[in-house]
Amino acid sequence: MPEFHPVLLARIDKPDSTSLAGYQADGGYAALKKALAMSADDVQKMVKDSGLRGRGGAGFSAGAKWSFLPKNHLGPIYLAVNADESEPGTFNNRILMEEDPHQLLEGIAITCHAIRSHTAYIYLRYEYGRSYRVLDAAIRECYASGILGKNILGTGFNLDVYLHRGAGAYICGEETGLIESLEGKRAWPRIKPPYPAIEGLFRRPTIVNNVETLCCVTHIIQRGVEWFKSIGVPPDPNNKRDVGSYGPKLYCISGHVNKPCCVELPLGVTARELIDTHGGGVWKGRKAKAVVPGGISMGFLSASELDTPLDFEGPGRAGCLGLGTAAVVVIDDHTSMVDVLYNCCRFMAHESCGQCTPCREGTDWSTRILDRIRHGKGRLEDIDLLLEVANSMGIIPGTTICGLADGAAWPVKNALTKFRGEFEEYIRAGRRSVKPADELMAAH
Amino acid sequence: MPVLSEELRNRIRAEFPKYPDKRAVTLPALHIVHDALRMVSPAAIVEIAELLELHPSEVSDTMTFYGFFHDKTPLGKRRVWVCRSISCMLRGGEELLAGLCNRLGVKPGQTTADGSVTLEYAECLGACEGAPCMLVNDECHMNLTEDSAAELIRK
């Protein structure tokens, strides 16, 4: 494999990485010019041919998603940029927005041309204040320079880009929850079909794409399909459903490592290489007990599964839900999986939108059962009770509207199958591990 | 006497051209009011609803879904969110939260008696490379100790 050079993060350490002048000095907006000289269909075809899969978590083909838009639609068609990054452990979109906003804006403009949209909304989680200010300044610079607005770059193409701030709800990362929230309602995911490409934002055809996905679009247009497909993992010939995991990917590494960071690598790096080479190894000379492969909703890899390649297929082969956001969280061997799982369940209970009973009740009762165990009052049958609850919630058993419940169930399933002995031992010994913060938050 | 000043109303009206539908201005309007008044009172909800041509219950329905907006008591001058999710928890986030509660004499969700600080917990703030982390208003601070966090809150 040829030597890999980062492209998505190539500019982030430059002193003027956020300015339009700096971006253009590095060849910025050449891809947009190139795309605007092409037909929308040709741009769509390039992205489809590249094999680009969505970076937000589901890994669905970006080109295929775009192709679901109705043909010859009179418009308006909308692009909704999913910048509601909130999967625990994930911060790559934040870095892209804070450090190289024009790379994203160029990807947005190219994508809008490809899907025949003249309006894009960036749905940005409220907590990303710096991203908001950097993007707001970058958008203003673009309007002032004729890169956004009417007749952009003199091509006759019109495009408006608006920043829309969320209000602290994880469910807004689900694309139809995002749409409902943008429309000014509670972020309750919609029953599908119709999918947003047919009837989405303001009842119009809508494409929802993640920040990193859109940044990849810029480079696919600039460098070509062959470049993109020279990076990553081709399809497994024995798996007819595998369409390959091509391109560069941002991996987040956090938790018990010496050097938590975000690093850009070809898709398919192993968890072990991420931890040892890029994360500086497990902290305090300890060993990893468990590793979250792609945000907590993907579940856990055990210490014996660290050679799993983190492409779109690898984590699934190890029993995880998928690659998710490729956010790796390392848990050392001094940490209780009971505490880790409680933390995951409490997050999901807090963030369940409450619309579907199995998710609303399942996330809450899982948290309560684990809370009881952490108070030293667990019963051995609680383990199977937790598994029964987990197996009853989600799109996979067919009981919920969106995938939040699957993401809530997966860490429970993985923890209780891969680390069952530890849970049994904790309960048998009557251990207790609640902390002062738990009591303070419970009192609230 | 209206709760929303003409200046706030104009800032809300300035959002209208961005969307084909006034209801989409619900979150922007709530943010504008919440930032300025440190809460969104029932009276403010009625006035926002009038501007957006909605029933007050529609604004209320949206607002209460997001745990973000305070509707009963105003926030302190600074709103501090300490992350409690996994990457921060693994690196002392919960000890940080408990320590700050202790120093400020409040429980999560409460405001100090002098009205200077509201302390809350947050779910993942997306700054996991700098765990433990917190927001002061919407500025993120990373790699905190109890001392450094207390100092940042005081500033």
Side-chain angles (χ1 to χ4, degrees), chain A residues 76 85-91 93-94 121 125-130 132 160 162 164-170 181-188 202 204 252-256 260-262 292 296 327 329-332 335 339-340 343-344 346-347 350-351 353 435-438 440-441 443-444, chain B residues 15 18-31 34 52 54 58-59 61-69 81-91 93-99 101-102 107-110 120-131 135 137-140:
Chain A
E85 179 172 74
S86 359
E87 176 68 31
T90 313
F91 51 90
N93 288 351
R94 193 198 87 237
Y121 295 99
R125 69 177 300 195
Y126 181 84
E127 292 84 345
Y128 283 3
R130 176 143 189 260
Y132 174 76
D160 286 309
Y162 301 116
H164 188 98
R165 297 184 85 170
Y170 171 75
S181 178
L182 237 172
E183 290 182 353
K185 301 178 233 164
R186 50 177 58 217
W188 275 358
F202 307 121
R204 302 291 181 172
C252 299
I253 312 167
S254 67
H256 292 152
C261 63
C262 175
V292 169
I296 57 170
V329 184
V330 178
I331 297 145
D332 74 17
T335 305
D339 292 341
V340 169
N343 188 278
C344 296
R346 185 182 66 188
F347 174 87
H350 191 263
E351 299 301 335
C353 80
K435 293 183 195 169
D438 293 305
L440 284 163
M441 288 186 280
H444 170 47
Chain B
E15 296 289 316
K18 299 179 184 175
Y19 307 90
D21 177 341
K22 282 184 182 167
R23 183 166 192 175
V25 179
T26 304
L27 276 186
L30 288 169
H31 277 307
H34 197 251
L52 304 189
L54 296 171
E58 291 175 297
V59 176
D61 181 72
T62 299
M63 184 179 95
T64 53
F65 177 81
Y66 304 89
F68 184 88
F69 302 102
W81 308 82
V82 180
C83 179
R84 68 171 188 174
S85 295
I86 187 162
S87 301
C88 282
M89 179 275 269
L90 293 170
R91 297 180 78 102
E94 295 186 325
E95 288 74 11
L96 175 66
L97 176 64
C101 284
N102 195 26
K107 286 180 178 151
Q110 293 180 339
E120 296 177 65
Y121 61 75
E123 297 295 0
C124 188
L125 295 172
C128 319
E129 81 274 41
L135 288 182
N137 297 326
D138 68 357
E139 277 297 334
C140 188

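Note on naming: letters A, B, ... go to the chains in the order of the sequence lines (proteins, then strands), and numbering restarts at 1 for each one. Excluded from the calculations below are hydrogen atoms, water molecules and symmetry mates; all remaining heavy atoms, backbone and side chain alike, are included.
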Nearest 0.5 angstrom please: [X] [atom1] to [Y] [atom2], how far?
| X | Y | atom1 | atom2 | result |
| --- | --- | --- | --- | --- |
| B:Glu94 | A:Lys435 | CD | NZ | 4.5 Å |
| A:Asn343 | B:Met89 | CG | CE | 4.0 Å |
| B:Tyr66 | A:Ser181 | OH | OG | 3.0 Å |

When [options] are compared by non-hydrogen pairs under 4.5 Å with chain A, the top option:
| options | value |
| --- | --- |
| B:Thr62, B:Val59, B:Thr26, B:Thr64 | B:Thr62 |
| B:Leu30, B:Asp61, B:Leu27, B:Asn137 | B:Asp61 |
| B:His34, B:Glu58, B:Glu95, B:Met63 | B:Glu95 |
| B:Asp21, B:Leu54, B:Asp138 | B:Asp138 |

Under a 4.5 Å cut-off applied to non-hydrogen side-chain atoms, are [X] and [Y] in contact?
| X | Y | answer |
| --- | --- | --- |
| B:Glu123 | A:Ser86 | no |
| B:Arg91 | A:Pro260 | yes |
| A:Phe91 | B:Cys124 | no |

For [X], is it the side chain, the backbone, both, or neither that has a heavy atom closer than 4.5 Å to a heavy atom of chain B?
| X | result |
| --- | --- |
| A:Thr335 | side chain |
| A:Arg125 | side chain |
| A:Cys262 | neither |
| A:Ala327 | neither |
| A:Lys185 | both |
| A:Tyr132 | neither |
| A:Phe347 | both |
| A:Arg130 | backbone |
| A:Ile296 | side chain |
| A:Val329 | side chain |

Inset, instruction - Give the C-alpha distance, both sets of side-chain angles, the deciding distance and a yes or no for side chain to side chain contact (heavy atoms under 4.5 Å, CB included) between A:Thr90 and B:Cys128. - result: CA-CA 7 Å; A:Thr90 313; B:Cys128 319; over 6 Å; no
Closest-packed option against chain B by number of heavy-atom pairs under 4.5 Å, given [options]:
| options | value |
| --- | --- |
| A:Tyr170, A:Phe202, A:Trp188 | A:Phe202 |
| A:Arg186, A:Glu351, A:Glu127 | A:Arg186 |
| A:Cys252, A:Gly166, A:Pro436, A:Pro76 | A:Gly166 |
| A:Glu85, A:Arg204, A:His350 | A:His350 |

Inset, instruction - Output, in order, the C-alpha distance, side-chain angles, deciding distance and verdict of side chain to side chain contact (heavy atoms under 4.5 Å, CB included) for A:Arg346 and B:Arg84. - result: CA-CA 10 Å; A:Arg346 185 182 66 188; B:Arg84 68 171 188 174; 3.3 Å; yes
Legend entry - Side-chain H-bond candidate by donor/acceptor type, A:Tyr126 with B:His31, under 3.5 Å: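 No - no donor-acceptor pair under 3.5 Å links their side chains.
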Toward chain A, the part of [X] with a non-hydrogen atom under 4.5 Å:
| X | value |
| --- | --- |
| B:Ala127 | both |
| B:Cys101 | side chain |
| B:Tyr19 | both |
| B:Leu135 | side chain |

Return the minimal non-hydrogen interatomic distance between [X] and [Y], and the atom names on each side.
| X | Y | answer |
| --- | --- | --- |
| B:Leu90 | A:Gly255 | CD1-CA, 4.0 Å |
| A:Gly89 | B:Ser87 | CA-OG, 3.7 Å |
| A:Tyr121 | B:Pro20 | OH-CD, 3.7 Å |
| B:Ile86 | A:Pro88 | CG2-CB, 3.9 Å |

Legend entry - Ion pair A:Glu183/B:Lys22, N-O distance below 4.0 Å: no
Inset, instruction - In plain terms, say whether A:Arg94 and B:Glu129 are close enough for a salt bridge, that is, a side-chain N and a carboxylate O under 4.0 Å apart. - result: yes
Inset, instruction - Determine, stepwise, if the pair A:Met441 / B:Leu97 fulfils side chain to side chain contact (heavy atoms under 4.5 Å, CB included). - result: CA-CA 10 Å; A:Met441 288 186 280; B:Leu97 176 64; 3.8 Å; yes
Inset, instruction - Applying side chain to side chain contact (heavy atoms under 4.5 Å, CB included), run through A:Tyr162 and B:Glu15 and close with a yes or a no. - result: CA-CA 10 Å; A:Tyr162 301 116; B:Glu15 296 289 316; over 6 Å; no
